[in-house]
Amino acid sequence: APPVPKGIPSFMGSQVVTHDESVCLWGDWLFDQVSRSNPGRNASVEKLVVHHNHFVKATASLAVFTLCLRERKEFPIRASDLTKNMDYVVFEDKRVGQHPGKDMIPVCSLMQAQLKNYLLHLEAISRRSINLAPDSSVGVRKHISDILDRKPISLFFLVGNQLEEISVGA
């Protein structure tokens, strides 16, 4: 992190307040990226990957924001951490301190709807990749299947140029 300028307390980050307008502009920008990359019916694998990656970044960013997640190298939520109705997520937020271990965090209705859309998105990506890249998309389809089966794997993943899964950080 860059050094804190003189005269500004080191704890200033906790005093920063975002404005509603800024949050709305940020959300509009994120989901505009998803809309702009929306693949047509006859889209190539490359276009599907671009769209998927925008969709994942937008959904994961919304999760970070609505669940107040800490910065992490790897996204802390696993597919198995979601409750059936997606109204709660259970994950380990802290490993030390007064309350280490797993916490049950409520999921707001906006994030619930987005998670449902995300799972539908994964189903569609899996179906389309069977036709477009049956051999090279096996790993991605397996990962999607494991997420849909709520296995203990990362809920969000990007797809690389070789159709490999890439972890998402928070």
Side-chain angles (χ1 to χ4, degrees), residues 18 23-93 102-134 136-170:
T18 51
V23 172
C24 289
L25 288 171
W26 169 75
D28 289 347
W29 173 80
L30 274 175
F31 287 97
D32 183 57
Q33 299 297 309
V34 175
S35 293
R36 286 176 185 240
S37 66
N38 197 10
R41 290 176 51 120
N42 299 313
S44 65
V45 171
E46 292 78 15
K47 286 188 178 187
L48 279 179
V49 166
V50 167
H51 176 70
H52 170 77
N53 289 345
H54 283 305
F55 200 104
V56 169
K57 289 174 188 176
T59 304
S61 295
L62 187 62
V64 168
F65 184 76
T66 60
L67 298 171
C68 301
L69 299 178
R70 301 168 192 279
E71 185 176 349
R72 293 257 179 105
K73 190 174 187 177
E74 186 177 320
F75 204 83
I77 300 174
R78 308 270 174 240
S80 58
D81 295 336
L82 291 173
T83 60
K84 184 178 180 182
N85 296 327
M86 292 185 262
D87 51 352
Y88 285 90
V89 63
V90 180
F91 69 97
E92 185 176 40
D93 185 40
K102 292 193 174 244
D103 289 316
M104 185 174 262
I105 309 296
V107 178
C108 69
S109 59
L110 173 69
M111 192 65 223
Q112 284 178 22
Q114 185 59 28
L115 286 169
K116 288 174 184 172
N117 288 335
Y118 177 66
L119 297 180
L120 291 172
H121 161 82
L122 291 178
E123 289 174 359
I125 290 290
S126 184
R127 275 193 314 273
R128 290 183 75 174
S129 65
I130 289 171
N131 297 328
L132 291 172
S136 56
S137 68
V138 169
V140 168
R141 291 195 322 269
K142 169 79 170 100
H143 198 86
I144 289 172
S145 177
D146 288 348
I147 289 172
L148 296 174
D149 290 341
R150 304 284 174 89
K151 292 194 176 172
I153 61 167
S154 185
L155 180 61
F156 300 116
F157 70 100
L158 301 173
V159 176
N161 293 334
Q162 305 301 313
L163 300 184
E164 74 279 11
E165 307 93 59
I166 302 169
S167 292
V168 174

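Below, each value reflects all heavy atoms present in this structure, side chains not excepted, and no hydrogens, waters or symmetry copies. Start at 1 with the first residue, then count along the sequence.
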Check your understanding: Minimum heavy-atom separation for Q162 to E164, with atom names?
Key -> N-OE1, 2.9 Å
Practice item. State whether the number of non-hydrogen atoms from other residues, nucleotides or ligands found under 6.0 Å of F31 atom CZ is greater than 12. Key: yes
Practice item. Would you mind telling me which of H51, H52, H54 makes a side-chain hydrogen bond (donor to acceptor under 3.5 Å, both in side chains) with S37? Key: H51
**Study point:** S126 versus S129, closest heavy-atom pair with distance
**Key:** O-OG, 3.0 Å
Check your understanding: Are K57 and V34 close enough, and set up right, to give a side-chain contact (heavy atoms from CB on, under 4.5 Å), and what steps lead you there?
Key -> CA-CA 9 Å; K57 289 174 188 176; V34 175; over 6 Å; no
Review point. Would you call Y118 and V56 a side-chain contact if the rule is heavy atoms closer than 4.5 Å?
Key: yes
Review point. Are the side chains of L155 and V89 in touch, meaning some heavy atoms are under 4.5 Å apart?
Key: no
**Study point:** Note, H143 side chain near L122 side chain (heavy atom, < 4.5 Å)
**Key:** no
**Study point:** Taking every non-hydrogen atom, the tightest pair across E165 and G139
**Key:** OE2-C, 3.2 Å
**Study point:** Distance (rounded to the nearest 0.5 Å) between L67 CG and L62 CG
**Key:** 8.5 Å
Check your understanding: If you look at every heavy atom in V159 and V49, which pair is closest and at what distance?
Key -> O-CG1, 3.4 Å
Review point. Do the non-hydrogen side-chain atoms of R141 and I144 ever get within less than 4.5 Å of each other?
Key: no
Revision key, fill the gap. In this structure, CD1 of I153 is separated from CD1 of I77 (nearest 0.5 Å) by 14.0 Å
Study note, to complete from the structure: CG (D149) and OG (S80) are apart, to the nearest 0.5 Å, by 11.5 Å
Review point. Can you name the nearest heavy-atom pair linking D81 to R78, along with the distance?
Key: OD2-N, 2.7 Å
Exercise for review: Name all residues meeting the ring-ring contact (aromatic ring centres under 6.0 Å, His included) criterion together with Y88; count only those two or more places apart in sequence or in a different chain, and write none if there are none.
Suggested key: none
Point to revise | Gap separating the CD1 atom of I125 from the CG atom of L48, nearest 0.5 angstrom | key: 4.5 Å
Under 3.5 Å, side-chain donor or acceptor atoms of residues 105-114 against the rest of the protein: list the pairs with distances, not counting sequence neighbours.
residue	atom	partner	partner atom	Å
Q112	NE2	V107	O	2.9
Q114	NE2	T59	OG1	2.8

Exercise for review: Report the relative orientation of the aromatic rings in F55 and H121; use parallel for angles under 30°, tilted for 30 to 60°, perpendicular for over 60°.
Suggested key: parallel
Point to revise | Minimum side-chain heavy-atom gap L119-I147 below 4.5 Å | key: yes
Check your understanding: Rounded to the nearest 0.5 Å, what separation is found between the CD1 atom of I166 and the OG atom of S154?
Key -> 12.0 Å
Revision key, fill the gap. When rounded to the nearest 0.5 Å, the distance separating CZ of R128 from NZ of K47 is 11.0 Å
**Study point:** Heavy-atom closest pair, residues A43 and L132
**Key:** O-CD1, 3.4 Å
